[in-house]
There are 4 protein chains.
Amino acid sequence: MNDHSEIMATSIKVDKKELIRQAALSVFARHGFYSTTAQQIAAEADVAVGTLYNHFKDKEDILIHILDTEMNERQAAVLQIVGKDLPMREQIKQIIAFHMERAVENKFMMRLFLGEELHLSGKLEKFTYKLFKEIPDRMVLMLQAAMDRGELRRADPLVLAHAIMGANRSVMVRASLYDDDAAKRIRDHAAEELTEFIWQGIKPT
Amino acid sequence: MNDHSEIMATSIKVDKKELIRQAALSVFARHGFYSTTAQQIAAEADVAVGTLYNHFKDKEDILIHILDTEMNERQAAVLQIVGKDLPMREQIKQIIAFHMERAVENKFMMRLFLGEELHLSGKLEKFTYKLFKEIPDRMVLMLQAAMDRGELRRADPLVLAHAIMGANRSVMVRASLYDDDAAKRIRDHAAEELTEFIWQGIKPT
Amino acid sequence: MNDHSEIMATSIKVDKKELIRQAALSVFARHGFYSTTAQQIAAEADVAVGTLYNHFKDKEDILIHILDTEMNERQAAVLQIVGKDLPMREQIKQIIAFHMERAVENKFMMRLFLGEELHLSGKLEKFTYKLFKEIPDRMVLMLQAAMDRGELRRADPLVLAHAIMGANRSVMVRASLYDDDAAKRIRDHAAEELTEFIWQGIKPT
Amino acid sequence: MNDHSEIMATSIKVDKKELIRQAALSVFARHGFYSTTAQQIAAEADVAVGTLYNHFKDKEDILIHILDTEMNERQAAVLQIVGKDLPMREQIKQIIAFHMERAVENKFMMRLFLGEELHLSGKLEKFTYKLFKEIPDRMVLMLQAAMDRGELRRADPLVLAHAIMGANRSVMVRASLYDDDAAKRIRDHAAEELTEFIWQGIKPT
DNA sequence: TATGAATGAGTATTCATTCAT
DNA sequence: GATGAATGAATACTCATTCAT
C-alpha cells in the first residue's frame, strides 16, 4: 500500500499541493493576487479548478501557503548562518548574500512578496506582523547582545534592525525587478557593498 | 437650493475632486485598492457614484491621482531641502525627518503606499518605475557628485541610494504602522538615529 | 419631482421590485426554487441580473418576499370574511371558496407553496411556523370559542384545525395541479362539498 | 481484512444499498434534497462516495428508492387493513392510526415527504402523480362502492378522498414536526379524533 | 466491489461603469 | 455637474459524477 514508491519507482510521485503552490506562485507573481483567477492557476498547474479546492480552502489559502513556505525556508537559512558563529561583519554579509541570491533566483517570489505584503485581508495580517514585528524583534535581541559585548556601537537597536532590513530589501528589489546592466552589476557586488554600508553604520566607534 | 452659489459666494469652495481624493485615500488605506468599491468611496465623500466618474476616468485613475499628488508633494519638499545647500549629514537628516513626520501624520497614505506600490495593473507601472528607478537614479547623481567632491566615501552609488531609501522606508513603516511604545520612541529620535546610521555608512573614511 | 406621475401619465410606472416578484413567482413555480437560476428570473422580468440584487439581498430573499406577499393577502381576505359575522357553516364555505378560487387562478403560487413549504434554509422556517403553528393556533381560538357557544361539537380544536386546513389544502392541490375533467368538476362544487364534509365533521351533535 | 467473509459468515449481512438508503433518508430529511451533497450521504453511511454510485445511478435515484420503499410499505399496510374487512369507521381509524404511528416514528421521512413531494425534476413526477392521482383514484373506487352499498352518504368521492387524506396529512405533520405538549397530546388521541371528524363527514345521513 | 482524488460544467453574486433625469 | 438605478461581464467556488487503483 505504501511500498508503491519503491515498486513503482518510475511513476514520479507528483505532489499535487506542491504543484499547485508553484503554479500559483508563478501566476500571482506575474499578475498579482487580485488579478489572478482560479482558472489561471489551474491552467498553469495543469489540473482542474476543482483540484485547487481539494488542496486549499480558497484562493487566499494558496497565497498563505506560498508565503508560509518562503518565510520558513528563509528563516531556516538565516538561522543556519547565524549558527555558524562567524564575526558580525561576515554574518551580515552571508545573510545579505543569501537573500540576494534567492531574490534573483526567484523574481516571482520577490514580486509577490513586495506587492502583497500589506493589505491582504485578515488572515494575512500575520505576515505583516512577522515581517514588521516578529523578525525585527528577534533581530533586536541579537543586536542588543552584540552591543553589550561591545561588537557594535550603541544605538536604538529597533531602528538599526529596520534600517538594515530595509536597506537590504530595497537593494534586492532593484536587483531583481529590472534586468538592466545596473541590476547585473548590483547582483555581483551588492552583498559586499551593502555589508560595508551596514557595517560602517553599526560598527563600534 | 441652487442659489447657494450667489448667497454664499464666499463659502468655502469645496473642490469635489479634492474631496473625492481624500475620501478615496482614506478608504483605500483601510481596505486596500482591490477591496474598495466605488460605492464606498462615494459614501465616504458623501457624493453619488456617478460623481466619481465626472472627475475621474475610472477607479484606477483615482489611485493614480492620489499617488501623483503625494509623490509631487514629497518631491517638492525634498527639492526644497536640497536647495538649502546644507552639509550632507544635515541634508540627510532633514529629508529623513520630513518623511518620518509625514508618515506619522498620514498613516493612511503610508499603508496605501506600501500595499499598492507594486502589482497594480499596467497604468500604474509608472509608479513602480518612479519609486525604483527614477528617484534612485536622481539620487545616484547627487551621491556621485558628492563622492567626486570627496564628501562621501567611494562606493556603488546605486547600491547606496537604495540602501538609504530602503532603510528610511522600513523605519517609517515600523513607526507609523503600529502604535506601541517602541513606535513612539522611534518617532522621537529616528531621524537622528537613522541619520547617524546612514552617515556612518557613507561618510568619507 | 414627484409630479412625474401626473405629467408623464403615459410612462407607466413599473415598480421593478413588483415586476421581479411576479417574474420569479412564475419561474419558481415552473421549475422549483433550486432549479431556477438568477438568469432565468432576470430574463423573465426583462431586467439585468444585477437589478435583482438591487431589490433583493439574494435569491432566497425573493422567495421570502413572494411567500410573505401571498400570506398577507390570504390572511387579509380571511379576516375580512370572518369579520362579516356569518353563521359558522357559511363562514367556512366562503373561506374555502376564496382559497379555491385563488388556487385555481394562480396555479403557479400553488405549486410554489406546496413544493417549497418545507426544507428551505433557516430564514424560511418562519413560513413553516406560520403555516403549521401560527395560523392553526389562531384557528384553535376561533373553534374553541365556537364550541363554548355550542355552535360546534366538543373535540380537540387543534386536531380539528389541522384536519380542516389539510382537507382544504389537499382538495385545492388536486383542483389546481391537474387540468382534467375531474379537476374542472371539483372547482365548480368543491366549496360546497368540502363545506358539507367539514360541517358534518364539526357541527354540534 | 477481507477474510471477514469467511470467519464471520454469519455476521449480520449489511446490505450496502439499504445502508445507503437509510443514511440518505436521514440526511435528506435534515437538509433537504438539494442541500444534501453526495459526500454527506457517503459520510453518514460511512462508505466512499464512489460506493453510492455502485448502487444508485445518481443522487436522484437514491431519493426515488427512498420514496418507493416508503410508498410500498405504506401501501402494503393499508391493503392489509382493508383486507380485514372491518366496518368502515374502524377501517378508517386503523389506517389513520398506522400513518400517525409511522409519522411519529419516522420524523425524518415525514419531513422528506412533505418537503420534496413536488418540484423534483422529471423523474420524480411519478410520485406527485401517485400521491395526487393514483392513490386518491383508488380511494375513490372504494368510497364509491361504499356509497353504493349505502355505507356512506352520497357526495363527490374525489373531493372526499382528498379531504380525508389532506386532513390526515396535516394532523400528522403537526404531530411529528414539533415536539411541544400539544404534539404529544395529539399523538395520543388524534386517531380517534380524526376518525370521528372524518366519520361524521362521510357517514350516511 | 470499494475507494476517494480529480474533474469541470454550472451559478449566485459582485461591482465598475453608464446614462437618463 | 450631480444623481443613483440599471447594467451585465466577470469569477470564486461547489458538487455530482467518473475511473484508475
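Below, chains carry the letters A, B, ... as their sequence lines are ordered, and counting in each starts from 1. This structure is a prediction, so every number in the text was calculated from the model and none was measured.
When distances are taken from the side chain of A:Ala38 to each of F:dT3, E:dA2, F:dA12, the shortest belongs to F:dA12. Here E:dA5 is the nucleotide among F:dG4, E:dA5, E:dA2 with the atom lying nearest to any side-chain atom of D:Val49. The side chain of B:Ala48 approaches F:dG4 more closely than any other nucleotide in the set F:dG4, E:dG8, F:dT17.
An OP1 or OP2 oxygen of E:dT1 is reached within less than 4.0 angstrom by no side-chain nitrogen or oxygen of D:Lys16. Proximity of C:His55 to the phosphate of F:dA5: no side-chain N or O atom is located under 4.0 Å from OP1 or OP2. Regarding contacts with the backbone of E:dC15, every side-chain N or O of B:Lys59 stays at 4.0 angstrom or more from both OP1 and OP2. The phosphate of E:dT1 has neither OP1 nor OP2 within less than 4.0 Å of any side-chain N or O from D:Asn54. Distances shorter than 4.0 Å separate none of the side-chain N or O atoms of C:Tyr53 from OP1 or OP2 on E:dT14.
Here F:dC15 presents its C1' atom at 13 Å from CG of D:Asp58, a figure rounded to the nearest Å. Atom-to-atom, CD1 of B:Ile20 to C1' of F:dA2 comes out at 10 Å; the value is rounded to the nearest Å. Rounded to whole Å, atom P of F:dA16 lies 13 Å from atom NE2 of D:His31. Following rounding to the nearest Å, B:Lys17 (NZ) and F:dA2 (P) show an atom-to-atom distance of 13 Å. What separates OH of C:Tyr34 from C1' of E:dG10 is a distance of 17 Å, to the nearest Å. Look at CZ on A:Phe33: it is 9 Å from P on F:dA12, rounded to the nearest Å. Atom CD of D:Gln39 is separated from atom C1' of E:dT7 by 13 Å (rounded to the nearest Å). Rounded to whole angstrom, the span from the CG atom of A:Asp61 across to the P atom of F:dC13 amounts to 10 Å.
The line from CD1 of B:Ile41 to CD1 of B:Ile62 is 4.5 Å long, rounded to the nearest 0.5 Å.
Ranked by how close their nearest DNA chain F nucleotide is to the 5' end, A:Thr36 and A:Gly50 are led by A:Thr36. Ranked by how close their nearest DNA chain E nucleotide is to the 5' end, C:Leu52 and A:Leu52 are led by A:Leu52.
Counting non-hydrogen atoms under 4.0 angstrom, C:Thr37 reaches the backbone sugars and phosphates but no base.
Counting heavy atoms from C-beta outward, A:His65 and A:Thr69 have side chains that approach closer than 4.5 Å.
At most 12 non-hydrogen atoms from other residues, nucleotides or ligands lie less than 6.0 angstrom from CD of A:Gln39.
With hydrogens and angles disregarded, a donor-acceptor distance shorter than 3.5 Å links the side chain of B:Thr36 to the backbone of B:Gly32.
With salt bridges taken as basic N to acidic carboxylate O contacts below 4.0 Å, one links A:Glu44 and A:Arg30.
Nucleotide F:dT21 forms a Watson-Crick or G-U wobble pair with E:dA2, both donor-acceptor distances falling under 3.5 Å.
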